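Okay, so here's the structure we're looking at.
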Protein chains: 2
Amino acid sequence: MSEVIELASIHDVAKEAGVSVATVSKVINHYPDVSEKTRKKVKNAIALLRYRPNVIARGLVTGRSWTVGVLINIPFTNPYVSMLLEGVKTALENSGYDLMRLSARLNDPDYSFADHCQSRNLDGVVVFGVEKEHRCIQELIQSGIPTMFVDTDVTGHRAGNITTDNRSGVHMAVQHLYELGHRRIACLAGIPGQAVNDSRLAGYRDGLQAASIPYRADYVLAGDYSFESGLTGMQELLQLDAPPTAVVCTSDMTAFGAIHAIEARGLTVPEDISVVGFDNIFEAELFKPALTTVNQNIHTIGVKSIEELIAMIKNPDYPPPVVMEPASLVIRESTARLVGSEITR
Amino acid sequence: MSEVIELASIHDVAKEAGVSVATVSKVINHYPDVSEKTRKKVKNAIALLRYRPNVIARGLVTGRSWTVGVLINIPFTNPYVSMLLEGVKTALENSGYDLMRLSARLNDPDYSFADHCQSRNLDGVVVFGVEKEHRCIQELIQSGIPTMFVDTDVTGHRAGNITTDNRSGVHMAVQHLYELGHRRIACLAGIPGQAVNDSRLAGYRDGLQAASIPYRADYVLAGDYSFESGLTGMQELLQLDAPPTAVVCTSDMTAFGAIHAIEARGLTVPEDISVVGFDNIFEAELFKPALTTVNQNIHTIGVKSIEELIAMIKNPDYPPPVVMEPASLVIRESTARLVGSEITR
DNA sequence: CTGAAAGCGCTTACAG
DNA sequence: CTGAAAGCGCTTACAG
């Protein structure tokens, strides 16, 4: 019934056109030294046989696979990842590159991510959500495969990175809360040791310092950027003798969790406690109360990570890019002026 | 300083071990007819040189690339896509396959998705968000590449599909609203012609019919599953002389949009109008009011699409799978009993 | 049990 | 301007 159609090879085209495969190759690759007449013949044969060059075979000899890999060490369901991938996808359109998502076994000691990339002839790779210390990072840098790290502040001969100005972002959040009269400002943080988290915590300290508010260790809780960690973290903060009147979270999902915990206690946001998030995922606007949060240009980060990567691929001497995207504060409904006698020093 | 380490080839291993490349190949591929002694030597050489077989080169001769492609014709930022990809990723772990996301140019008449897949030696592909009529679907079926269509009801020699029982899902939603006393039930639908939408509309009609409620064309509006289409669709419904008291939406995002429009009019959900969504994305629970919606086992669909695809790849005679996942109604806060004299026939 | 040879579908010097 | 040959890194009959 429905016949399976085999793809024609370059030999088929050569035979059809009555020329050599070398000549066909030259036509395909737009070499100038082919007569118009021959070029015509070949093009006709290509059209007739619906020939498409095999990218894989070509890659074997040229060493270029027209494929960039991506390592995502965060659940896809994190809206942050979705927005980033959307940016990646946008930058890839019409670039000629396809995207390969590697099934990496980062916890397997016998597994090497760099080997995986090389065995697939990847032209470059973007990596994100990996801690600076993971061995795969040094292996990657050693391998010489062009790499862009998102949110991991490492560089190498052919490796750059891109991140948001996390530090300023949280600083702005703290300042905003200060200006609203808050002095007991807590922080629901992320995973200790990750560049992203450390920078945000530094911004938190900056903000406190600029406002001359002493740092309290019991106001800072580690987490993992998830809804759950916001929920449990906030529950813990509410147990304190002097609970905070405001909390800055290092992700929007964590902020949602925190708000959930606050409301479960019969309190309201922002009347009783102000909450600010980080990321500005699209849900932040939909949420009630609409979330005050630090905006990251996530889509842009996705786009630029690919653009810079491709630049590195095309030019071996391209200096390893280090790009920092600005953060900005988006004020919505989850933060408000502190009322009453709560203001203390 | 940091030396770039080249990956060893099978020739390097052969030389190091003092055997032929054929023998190395046999060791790699676990052929039995290799003496223990030789096997040892080769394994040592492999370890010494940190050799990994080049998947690409292997693929060129075996015809298998250990790569499955995915065509996603919906924005990544749609939470539905994220959940599906998370399932896909889960099923891929330890399968040996990597995932390639094709930069498809579906609107380019010179572009053939099937050719693209073949030129990349893809072992199989999962496609979703593509209308049944798009030429790429027949091309794919013709090509003989194992394919799983998600939410598109086509099959072929080596092509199956998977979908949610959309029809029953919406039927249940309508029935739920009917039992709450609603009779003026509208539908904010999706893209006409898409299998997903048609099934859901059929379920809407089923529900009406079972309740003996006449179908009103002005209660059914096409959309595109987005927040915006819920917003504008609902605005339109609110203009009617007899606006609906309940509306079933064909996506959660559309439901969010509809609720937004209702509230912007000074009305409340569910007191004034009940709203039910479709998908049960994780935001549905977070939203206020928490959304009553039809649950799809999206993660499972992602998992099964890959499992079935791999089964088709491994066995040329595997019958084209057609799987339908059950839908279920999740009742939350966005639907309520109709009060007062609103009940009419 | 082992290896030489052909071949997967291409590109790239090189000779003519 | 054109094509024969070697080679990219592998696997697979096949001969020994």
Side-chain angles (χ1 to χ4, degrees), chain A residues 5-43 45-46 49-67 96 115-123, chain B residues 5-43 45-46 49-67 96 115-123:
Chain A
I5 296 165
E6 285 293 332
L7 219 49
S9 81
I10 197 171
H11 284 101
D12 302 325
V13 176
K15 190 184 295 175
E16 177 68 33
V19 299
S20 73
V21 296
T23 301
V24 175
S25 177
K26 280 174 189 161
V27 172
I28 296 166
N29 296 298
H30 307 104
Y31 278 54
D33 59 339
V34 178
S35 76
E36 211 36 61
K37 192 171 154 196
T38 309
R39 190 182 301 279
K40 241 345 168 314
K41 279 197 300 187
V42 172
K43 287 207 161 174
I46 288 175
L49 301 176
R50 304 194 68 246
Y51 168 71
R52 304 290 139 169
N54 182 313
V55 179
I56 294 304
R58 172 181 291 172
L60 197 58
V61 16
T62 61
R64 294 191 62 177
S65 62
W66 291 96
T67 306
D115 286 355
H116 191 166
C117 294
Q118 294 207 229
S119 99
R120 283 214 175 262
N121 272 12
L122 263 28
D123 292 340
Chain B
I5 295 165
E6 284 295 331
L7 220 49
S9 82
I10 197 170
H11 283 100
D12 303 324
V13 176
K15 190 184 295 176
E16 177 69 32
V19 299
S20 73
V21 296
T23 301
V24 176
S25 177
K26 279 174 190 162
V27 172
I28 296 166
N29 295 299
H30 306 105
Y31 277 56
D33 58 340
V34 178
S35 76
E36 210 38 60
K37 193 172 151 195
T38 310
R39 191 182 300 277
K40 250 302 147 16
K41 281 196 297 186
V42 172
K43 288 208 163 175
I46 287 175
L49 302 176
R50 306 195 65 249
Y51 168 71
R52 304 291 138 168
N54 183 312
V55 180
I56 294 306
R58 174 181 289 170
L60 196 58
V61 15
T62 61
R64 293 190 63 175
S65 62
W66 290 96
T67 305
D115 286 353
H116 192 166
C117 294
Q118 295 207 231
S119 101
R120 283 213 174 262
N121 271 11
L122 263 27
D123 291 342

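Numbers restart at 1 for each chain; the letters A, B, ... are given by sequence-line order, proteins then strands. Given the structure is predicted, the values throughout are model-derived calculations rather than measurements.
Listed by chain and number, the residues in a side-chain hydrogen bond (donor to acceptor under 3.5 Å, both in side chains) with B:Arg64 are B:Tyr97 (sequence neighbours excluded).
Rounded to the nearest 0.5 angstrom, A:Leu60 CG and A:Asn121 CG are separated by 6.5 Å. To the nearest 0.5 Å, atom NZ of residue B:Lys26 and atom CG of residue B:Asp33 are 5.0 Å apart. Here the straight-line distance linking atom CZ of A:Arg52 with atom CZ of B:Arg120 works out to 14.5 Å at 0.5 Å rounding. In this structure, NZ in A:Lys15 is found 8.5 Å from OG in A:Ser9, a value given to the nearest 0.5 Å. Considering CD1 of A:Ile56 and CD of B:Gln118, their distance stands at 12.5 Å, rounded to 0.5 Å. Of the inter-residue distances, the one linking B:Trp66 atom CH2 with B:Arg58 atom CZ reads 9.0 Å to the nearest 0.5 angstrom.
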Go along nucleotides 11-16 of chain D 5' to 3' and tag each nucleotide: B for a protein heavy atom under 4.0 Å from its base, S when only backbone or sugar atoms are that close, - otherwise. BB----
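As a whole-Å value, the separation of A:Lys41 NZ from D:dC1 P is 14 Å. One can place NZ of B:Lys40 at 19 Å from C1' of C:dT2, the figure rounded to the nearest angstrom. Taking atom NZ of residue B:Lys15 and atom P of nucleotide C:dG3, one finds them 15 Å apart after rounding to whole Å. One can place CD of B:Glu36 at 12 Å from C1' of C:dC1, the figure rounded to the nearest angstrom. Across the protein-nucleic acid pair, A:Asp12 atom CG and C:dC8 atom P stand 10 Å apart, rounded to whole Å. Atom CD1 in A:Ile56 sits about 14 Å away from atom P in D:dC10, given to the nearest Å. Remark: C1' of C:dA6 and CG of B:Leu60 are 14 Å apart, rounded to the nearest angstrom. We find that CG of A:Asn121 is positioned 10 Å from P of D:dC10, with the value rounded to whole Å.
Looking at B:Val27 and B:Val13, their side chains never come closer than 4.5 Å, going by heavy atoms from C-beta outward.
Of all heavy-atom pairs spanning A:Ser119 and B:Asn54, the tightest one is O-OD1, 3.4 Å.
A close approach under 4.0 Å does not occur between any side-chain nitrogen or oxygen of A:Ser9 and OP1 or OP2 of C:dG9. Distances shorter than 4.0 Å separate some side-chain N or O of B:Ser35 from OP1 or OP2 on C:dT2. Applying the 4.0 Å criterion to OP1 and OP2 of C:dT2, one finds that B:Thr23 has every side-chain N and O outside that range.
In this structure, B:Arg64 reaches neither bases nor backbone, as no heavy-atom distance under 4.0 Å exists between it and the strands shown. B:Arg39 comes within 4.0 angstrom of no nucleic acid atom, judged by non-hydrogen atoms across all strands.
Checked against D:dC1, C:dG9, C:dT2, the side chain of A:Asn54 finds its nearest nucleotide in C:dG9.
For the strand DNA chain C, secondary-structure stems (runs of at least three Watson-Crick or G-U pairs, all distances below 3.5 Å) span C:1-3 with D:14-16, C:5-12 with D:5-12, C:14-16 with D:1-3.
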